[in-house]
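Just below is one structure, and these are the notes that go with it.
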Amino acid sequence: MGLLTKARVKSPWLLHFCSSSCNGCDIEILACLTPYYDVERFGILHMGNPKHADILLVTGPANRRNYKVLQNLYAQMPDPKVVVAVGTCACTGGVFHNCYNIMGGIDKVIPVDVYVPGCAARPEAIIDGVVLALKKLRGELEE
Amino acid sequence: MARVTFPFGPQHPVLPEPVQLILTCEDEKVVEVKPRIGYMHRGIEKGCELNPYKHNVFLCERICGICSFIHAEAYCEVIEKAMGIEVPPRARYLRVFWAELSRMHSHLLWLGLFADGFGLESLFMQCWRARELVLDVSELTSGHRIIQSTCVVGGVRKDLDAEQIRTVRKMLKQFKELYTPIFQVFQHDRTIKSRTWGKGILPKDVAWQLGAVGPTIRGSGWAFDARMDGYAAYGELGFEPVVEEGCDSYARMMVRAREVWQSWELINLVLDRLPAGEINVPVEDNPKGEAIHRAEQPRGEVIYYCRGDGSPNLKRLKVRTPSFANLPTLLVMLPGCELADVPVITLSIDPCIACTER
Amino acid sequence: MRLDWLVAWLVLLPIVAGLLSLSVYRSTLRKALVLGTAAILAFMAVLLAAVTLGKGSPQGLDTAPWLSTLINWLDFALVAYFLYVGFRWRHYLVAGLAALQGVLLSLLEFWQLPHGLTVHPTFLLDPLASIMVLVISVIGSLICVYALDYMPEHEAHLHLERTRQPLFFCFLVGFLGVMNGLVMANNLLWLFFFWEMTTLCCYELIRHDRTEEAQASALRALWMNLIGGVACVLAMFLIYRTLGTLSLVAVVQEASLGGALLLPLAFLSLTAFTKAAQVPFQSWLLGAMVAPTPVSALLHSSTMVKAGVYLVLRLAPALFGTVLSSALAVFGAFVYLAASLLAISQTVSKRVLALSTVANLGLIIACAGINTDLALAAALVILIFHALSKGLLFMTVGIYEQQLGSRDIEVMEGLVNRSPVAAVVGIVGMLSMAFVPFGAVLGKWASLEAAATSTSAWFPLVAAFIAVGSAASLVFWVKWLGRLLSTVPLREEEKLEKRKGVYAYGTVLGLTGLLLVASVLVGGLVRELVLPAVTALGYQPQVAANWSGWGSPYGFFTVWPVFLVAGAALLLPLLTFRARREDYRPVYLCGENLAVEEAAFRGIGDQPVPLETGGLYLSASWGEARLNPWINLLGLMLLLVILLVAGVGA
Amino acid sequence: MNGTNGLLVLAVLIGVPLLGGFLRGVDRKLTARLQGRIGPPIWQPFYDFLKLMGKKTLISSRATLAWACGYLALTLLATVLFFLGQDLLAVVLILGFGGACLALGAYSVRSPYAHLGANRELLQMFAYEPVLLLTAVAIFLKTGSFQVASVFRQEGALIHSLWPTFLAVLAALTIKMRKSPFDIAASEHAHQELVRGVYTEYSGKSLALIELAHWYELVLLLGLVFLFWARPWWAGLLLAVFSFFLEILIDNILARLRWRTMLYFTWVEGMGLALANIVYLNLIRGLL
Amino acid sequence: MGMLGVVLRNLFTGPVTRRYPSERREYFDGSRGRLVFHPEYCEFCGECERACPTGAIELDTAWDTRRQDYSIVWLRRYNPFKCIFCGNCVEACPYGAIELAEEPAVPRYRKEISVDEIPNWQWTEWVAS
């Protein structure tokens, strides 16, 4: 593993976007930053700005109103980047599957690398998801 | 004079949820605010008409993940009212237990975000650290950290055993130790006061005219709380609302900080007085007719209305959420403030966009 | 060439050329006249500098006695004209001051001075004078050439029936001669005449457009400068009573005799402050903005206000060690601070420039007050670079104004895309006012060092004022630079530079080149020009200058490495870094951005809302309305204190 | 420039960012500990730097990269001049203009967040620049020279007579280290109203360069603190470490304040202290 | 100054962080984590499908392609990425074939649907009945 790859894997800065979730996963993502889970151990910092971010954490399904926002944010992130869909509804739409304004999972709108199930996804699952995303990042880089 | 017009949101680190405020600033002073909502709209009310009414509990829980239990509870109560079901007393007490747990975690979460809003990151960490204890209690008793999912039409799904009650009491004691210094910081810290005192004034009469609810109106000196109706077991617990007279962000912050203590006491009271007996009654038939119910969420009063025609699907479910009532107050408070106060004032009403837009 | 011829050319050529231009109505002829005058004037100035610097010691020059008599009568003619102006416009303050001046002057001429008084020498040619002549003749001439392009377009805007350019160029070009005379004069009566002539030129140039506002501003400039005139006559009274002569050199040399000269020196300082638009009098310079831009450029960079600081610098050795000197230092530093703070809240570009001028002149006066060799050197460096940069900036702002039709800084947003040449020139000008290691900041550095080494008990205040003032000036320059630089990438904008006037662009680019050369060679400039001037004033400079920078006994500022590093860092990425179109991303707009070149975000009803961005003005805190009363009051109080101190000292 | 100086310059160019990055790592670790967390590894800033260097280039405007380079270059130059024992006043001025480059970079693309951040950066500069200039003057009064090297020729520690100035420097240090309560232009952590303020439009390599410049700046400022107790050297080192720790502590116990409070604090209290100190020293100089 | 006490206490009492991937915490009893299915108890009654609010469970039949005789297999398709882990199906199941484990469901690169064959329901038995 080259030094650059290692640095990339060791320093994922994340951007969180709440697509149209119920807030459950959002607060669990925030909980990941707090003392009990402290993802800064892995070098993860919560950036509010897509231009600085490496990982996009999306909670909630894509809806017809804000999918453009999601696409814009995705486009503004510089490569290499990964997208993690956090929570059941970000994966497939989940409990909102029959609400009329919902398009389904966010993979309908942007490419998704890792799906984290759970409603709301537990911090442990989110950490697992990010770790999985980093594995993918490393794998992609080494190919 | 140079003006800066820019969008504040939908994606913005201060706002965890998508909402847009189009701000116009002159230097550091905000002169114009135009809110733009609708990013979170999912169509839950319509979705509820498509599901069997018992499944709607799970959907209503996910109107908002922070006050999810109270949504579920309010939904169940409105259905029970429509169907004329009497809920057993133990279930009513347990509902108060989880509802107050939700309130505690919601307020702590908000206090943390608020601290982050005025740039005190370590206080954010402390609040969320204390909150983890509340979440542990929630997970221990309901099986999930935030979406308790314990309420069903006719009662609750889970019971507390003596062992659990003992553990909960221990954890609550730990919580008290952790929260006391945090509370004192919020109450007395000078830099926090300088950021919140006199910021975002919502005068008493204006608060009433705009129909603000919850801590927003209680911070403006109105004793207005749906729990005073005495639904669930509140009537038997001697509930008194927390009221602050300051009308500013500091007052609203203190209402929430003190409500954490209030919820803590209510939970202890519930554990002391928990009556024995069944936790739910079987519900067989379908709702017919209409009913309305008020409940108090961490953010304020939520109103549920339902109408059924005897079929398994509701004909109409209408939810009026507290943040929807509170958002107009922003338009009074924001113009004329400084840009640095925008997060403080915006957060001081604790906007929950997921609730507002459903 | 003989020295007296040289002086005659420098003074008379522009005046004659100006008078000639009164009868010139054809633009080609006017161009030839102005260009020729400018070229000869600049050449003569360089020659004068070569001569005076080569000679080593100051050269005196006498004139025929009848000339002195002529000057005396012309003085009265001027007073009469001012009296007429006062009554013509029913401005009784002007009339009163002119009358007072007339009375005082008659008293002086007919009662106190013996008949046929001769002052030896009439003209004094030393390095300080030749630096001033260089500044006036080179930069001033360039501005006159620039006006050849500016004025036709300006008049096209005014829809005049008949061009007023002959009159305009008469005063504009004549001004240079008057100024040259002023800085070379040693006889105070001559100095007074030239002084009043500059007041006249200034008045006529400001009211050139003949609008109501222009007339009011011109009258304000007039009455404020007349106060200076009155103070000057009073000073002459006192000086003659004490010394029995009216020679400037004598004043400087005899000052060490005692405190008797303090009061006249204070009056002369007051005269200088009115001309240099120091704080309670700054409003005339701000009002002068209504005049066509070449006038502003001329007033600010090379003439008029520079006369004020010139006089203070000339008198500085006389003040050495006196309490008046400290008072000047505090006053100057205060003006620097106050004007810099006021400039932050300004949105009109010319007012920013004007306040920055006031501030820099204040700094020069503060340096004169600090009164050490280093301080004087700093003052001269600031004077030279201020003239270069401010002349450049006014001329470029004039170009912007004609391109944009506005003087507002906010309107200049993204000018670097729309009008690249002029914008880059303006950026260079602003950088040279505010950034290391350009001359103005170098002067600031030296003035702070000088302030710190001063023995005065007041220096902490001076240092603090300079420190805050320099930070404030950084704020408003960077803000304005930011406006120019603020662009929308990939957007095809309408180019404003459809017509690049040869004279306007030529002079501006020439001045930029001059500025850059002078900045890079600042070490040589200090060694060859500034230090001799300081020596000639009677200081023993311990200041060292070598090829790479400028040193004082306490510190050393390296210029070349900073230029190299900053230049390389800023230019290399721009030259080497190429971005493809697909590498561009819109700016961060919370996810509601549109395409890169749109500069808008989706707002209510999914309609694009254009972005508005703006600079920092803080008008609530540092707005003129709020600060002006305080600043004027403090300035007035400081002036009174200066006079009081001098009076008590006497 | 002779051989020793050349070596020194090389040592500064290479050593300072290593030290600065390490200190940033310590900063983050310590902050985490104060918040009851574990925090990132000590060498996390180096990972971040490398990663940013390796990002694909996406830009909003070409000019931002140039200004980032300018910021880095000027900061680097100030650091080199400082460690070569050059003129302190010049160092402070150059540092100030480095900061201005940062603001200009943010101004050079029409982005509201960057613009508002740049406005605030200017306000910060307005707050700390006079304090640092006066500090240089105060050091001059004690040592008789503006040269950094002269501090080492001075007998005894500056802090004995310059402690009020030292307190003023701490206020400026808070601003320069972007620590609460004065992190108004760009906060270390993202939760503020201006997103990342001046840094909003920088990404990838230009952000990495800015990070590098921060490291130089940090060491330079701690070097300034070191001067206050330069002899014996370990006392200065202790003082620098103490100030560093103090800043982190302050960051964690105070809320972010508004710009008015910042200006009020740095001018009235910071500059007031430095000025009082200067007046006092000047009095002594006058008496002796 | 209350904050000072809090942060200093934090500094000296050490971090409270749960070092998650390396040290795993015991989950509370009754935590609603992953859904575990025991096909051997399943009687294919369909209660879980009806109880599921998100439609994550589907009961289905399909041709058994492993065998040549075109026999039918009884399948339960479960999509963990649709499931909200509410436990409604667990309560609805009369045979105790579904259970909620305490550890959460694991993240995946792809949304894999888990398909279980119900052994109680075989082609032959169905024919025999």
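The figures here come from the full heavy-atom set of this structure, side chains too, leaving out hydrogens, waters and symmetry mates. So you know, we letter chains A, B, ... as the sequences are listed, proteins then strands, and number each from 1.
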Side chain to side chain contact (heavy atoms under 4.5 Å, CB included) against B:V168, all qualifying residues, sequence neighbours excluded: B:F97, B:V137, B:L140, B:T141, B:L172, B:L271
Within 6.0 angstrom of D:F245 CZ, more than 12 heavy atoms from elsewhere: yes
Check: B:Y179 ring centroid to B:H107 ring centroid under 6.0 Å: no
Residues in residues 121-130 of chain D that sit under 4.5 Å from chain B, counting heavy atoms only: none
Check: B:W128 ring centroid to B:F124 ring centroid under 6.0 Å: yes
Aromatic ring proximity D:H214/D:Y199, centre distance under 6.0 Å: yes
Ring centres under 6.0 angstrom apart (D:W215, D:F49): yes
Max heavy-atom pair count under 4.5 Å with chain D, selected residue of B:V342, B:L339, B:L120: B:L120
D:Q35 and D:N252 side chains, donor-acceptor separation under 3.5 Å: yes
Chain B contact via D:N119 - side chain, backbone, both or neither, heavy atoms under 4.5 Å: neither
